[in-house]
**Student:** 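Input: one structure, supplied below.
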2 protein chains.
Amino acid sequence: MTRSATSTGEHTGRIARRRVDKFEERRRELGDAALQTLSELGYARTSLRDIAQNSGFSHGVLHYYFHDKFDLITYCVRRYKAVCVQRYDDVVTTASTASGLAAEFAAAMVATLVEDAVLHRLWYDLRSQSLFEESFRADVAEIDASLERMIERVVRRYAELAGTPSVCGAPMAYAMFDGIFQQALLRQLSGDPSAPEDLRAGVVQMLAVVTGTCERQ
Amino acid sequence: MTRSATSTGEHTGRIARRRVDKFEERRRELGDAALQTLSELGYARTSLRDIAQNSGFSHGVLHYYFHDKFDLITYCVRRYKAVCVQRYDDVVTTASTASGLAAEFAAAMVATLVEDAVLHRLWYDLRSQSLFEESFRADVAEIDASLERMIERVVRRYAELAGTPSVCGAPMAYAMFDGIFQQALLRQLSGDPSAPEDLRAGVVQMLAVVTGTCERQ
DNA sequence: AGGAAATCTTGACACTCGTCCAAATTCGTT
DNA sequence: AACGAATTTGGACGAGTGTCAAGATTTCCT
């Protein structure tokens with residue numbers, strides 16, 4: 001019984017701050033180890049001992065920094081969002097033409113498909129879990145919402161640069177991009193070498209589709 | 001050591017047939033119990049004892065009809081396909097106008113969203129599992145492919161009736177419809193009462209989008 | 001009816017799991 | 001250096017897991 005009440009009477013706020021920092025720092029460290037382990041093994045088969053082993057600490061320490069397993073997983077989900085969402089923001093601002101934006105956005109999606117594949121599969125795993133465990137839904141919905149806003153910014157900007165309004169709302173646009181990314185991820189993890197290029201082409205084409213600026217085929 | 005080698009010498013094929021039938025019948029029965037249990041609890045938390053309890057048999061019988069847990073799960077996945085894919089086939093053939101097809105197809109999707117929500121969440125759960133367990137990928141990919149063909153038939157027929165060719169290929173079309181269905185499922189299971197109607201409108205609009213026949217908004 | 005094969009039950013096994021806790025260790029202050 | 005608090009360890013617990021096999025029960029043919 002040492003933490004979580006910030007414990008004893010401290011005169012100077014500096015000491016308390018330092019301690020909180022250190023506590024939070026280790027939490028983050030353990031959270032990252034958990035994130036890595038979860039993205040390796042998946043939610044169904046990741047135990048606290050697996051996570052501890054990946055962190056270099058013993059398994060008992062996890063209950064010192066997290067109340068229980070659910071607390072740890074929730075922390076990981078929130079941390080995933082921090083890692084993931086920020087990635088596309090500069091893409092929107094730097095592009096000056098519709099095709100340029102499309103190319104840059106597609107390149108960014110392909111990059112994260114290749115580099116962060118295991119992290120993304122964890123996301124889809126946890127989102128599926130939220131279909132069964134109600135306690136996950138709030139966090140999952142929040143991440144979904146922020147991803148939807150990200151897509152909305154991209155589509156809106158693309159439509160602006162192309163001069164034609166979008167033909168569908170943000171929820172549908174997000175669902176569509178999420179759908180092709182998910183398919184691309186499955187193929188990427190299956191070792192399909194054409195998955196990145198297909199995703200790139202798909203993203204570019206889908207931006208054209210949602211703004212009605214694509215030719216028939 | 002009784003089955004799987006079809007065992008001893010039988011003179012009449014009729015007897016063997018009957019036995020195989022009975023064996024397969026019970027396999028199906030247990031598979032359905034497993035399907036129900038999995039769709040209730042999710043892959044991560046379903047044990048063989050849970051499944052047995054839902055089937056009315058003891059837990060030992062599962063290893064009489066299935067080699068191991070993976071064998072059972074695989075059987076369930078294949079059975080899901082049989083249950084699920086056949087549902088839309090008559091929709092395509094009966095419709096005679098584009099808007100009629102759209103309405104009927106959307107209605108069918110809404111119906112299965114409402115009635116088979118727990119079954120669909122199992123599908124997304126198992127597809128996520130296939131991102132981690134390579135042994136699932138073949139079956140998952142096969143189901144994905146047959147769903148893609150189903151979507152392709154609908155979109156192709158719709159484009160035919162509307163007189164305008166589709167603006168994207170089957171993989172992208174499937175990814176898009178899968179995306180909005182997944183979002184709708186999440187909202188449906190969260191208790192959002194507008195999820196069915198939103199899905200209906202989304203499907204209709206998406207058919208218009210992929211054929212380039214929708215007005216700007 | 002009798003007996004063999006098929007089917008089902010039951011209990012056990014070797015693990016792994018999340019959780020907890022007392023002891024050991026490290027850290028920061030005086 | 002020394003003391004108290006914070007941190008870390010490692011073992012223990014009870015519950016739950018998949019798997020297996022021996023025995024009980026049912027089914028079916030002669």
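Side chains are part of it too, since the values below use all heavy atoms of this structure and drop only hydrogens, waters and symmetry mates. In the text below, chain A, chain B and the rest are named by the order of the sequence lines, each starting its count at 1.
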**Student:** Before we go on, tell me: are the rings of Phe105(A) and Tyr158(A) under 6.0 Å apart, centre to centre?
**Tutor:**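 No, ring centres 6.0 Å or more apart.
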**Student:** What is the distance, rounded to the nearest whole Å, between atom CZ of Arg27(B) and atom C1' of dA6(C)?
**Tutor:**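 Atom-to-atom, Arg27(B) to dA6(C), this comes out as 16 Å.
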**Student:** Rounded to whole angstroms, how far apart are CD1 on Ile73(B) and C1' on dG18(D)?
**Tutor:**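 Nearest whole value for this atom pair: 12 Å.
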**Student:** Could you tell me which residues satisfy salt bridge (charged side-chain N to carboxylate O under 4.0 Å, His left out) with Arg153(A), sequence neighbours excluded, listed by chain and number?
**Tutor:**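 Here the qualifying residues are Asp89(A).
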**Student:** Run the side-chain hydrogen bond (donor to acceptor under 3.5 Å, both in side chains) test against Arg137(B) and tell me which residues pass, sequence neighbours left out.
**Tutor:**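 So Arg137(B) forms no side-chain hydrogen bond (donor to acceptor under 3.5 Å, both in side chains) with any residue.
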**Student:** How close or far is atom C1' of dG16(D) from atom CG of Leu41(B), stated in whole angstroms?
**Tutor:**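 One finds 14 Å between C1' of dG16(D) and CG of Leu41(B), rounded.
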**Student:** For Asn54(A), enumerate each residue passing the side-chain hydrogen bond (donor to acceptor under 3.5 Å, both in side chains) test, keeping only those at least two apart in sequence or located in another chain.
**Tutor:**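 Per chain and number, Asn54(A) pairs via side-chain hydrogen bond (donor to acceptor under 3.5 Å, both in side chains) with Thr37(A).
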**Student:** Could you list the residues that satisfy side-chain contact (heavy atoms from CB on, under 4.5 Å) with Val110(A), not counting sequence neighbours?
**Tutor:**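 In terms of side-chain contact (heavy atoms from CB on, under 4.5 Å), with neighbours along the sequence ignored, Val110(A) is linked to Val114(A), Pro196(A), Leu199(A), Arg200(A).
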**Student:** Rounded to whole angstroms, how far apart are CG on Asp21(A) and P on dG28(C)?
**Tutor:**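 Taking atom P of dG28(C) as the reference, CG of Asp21(A) is at 13 Å.
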**Student:** Measure the distance from OH on Tyr64(A) to P on dA6(D) and round it to the nearest whole Å.
**Tutor:**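 Computing the Tyr64(A):OH to dA6(D):P distance gives 7 Å.
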**Student:** For Phe23(A) and dG28(C), what is the distance between atoms CZ and P respectively, to the nearest whole Å?
**Tutor:**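 In whole Å, dG28(C) P and Phe23(A) CZ are 16 Å from each other.
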**Student:** Just by protein heavy atoms under 4.0 Å, how would nucleotides 11-26 of chain C read 5' to 3' in B, S and -?
**Tutor:** BB----BBB-------
**Student:** Quickly work out the Glu25(A) CD to dC27(C) C1' distance and round it to whole Å.
**Tutor:**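 In whole Å, dC27(C) C1' lies 15 Å from Glu25(A) CD.
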**Student:** Mind calculating the distance between NZ (Lys22(A)) and C1' (dT7(D)) to the nearest angstrom?
**Tutor:**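 From Lys22(A) NZ to dT7(D) C1': 9 Å.
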**Student:** Tell me every residue that passes ring-ring contact (aromatic ring centres under 6.0 Å, His included) with Tyr124(A), counting only those two or more places apart in sequence or in another chain.
**Tutor:**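 Checked Tyr124(A) against ring-ring contact (aromatic ring centres under 6.0 Å, His included); zero matches.
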**Student:** Under 4.0 angstrom, heavy atoms only, what part of the nucleic acid is Tyr65(B) near: base, sugar-phosphate, or nothing?
**Tutor:**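 Sugar-phosphate, no base atom in range.
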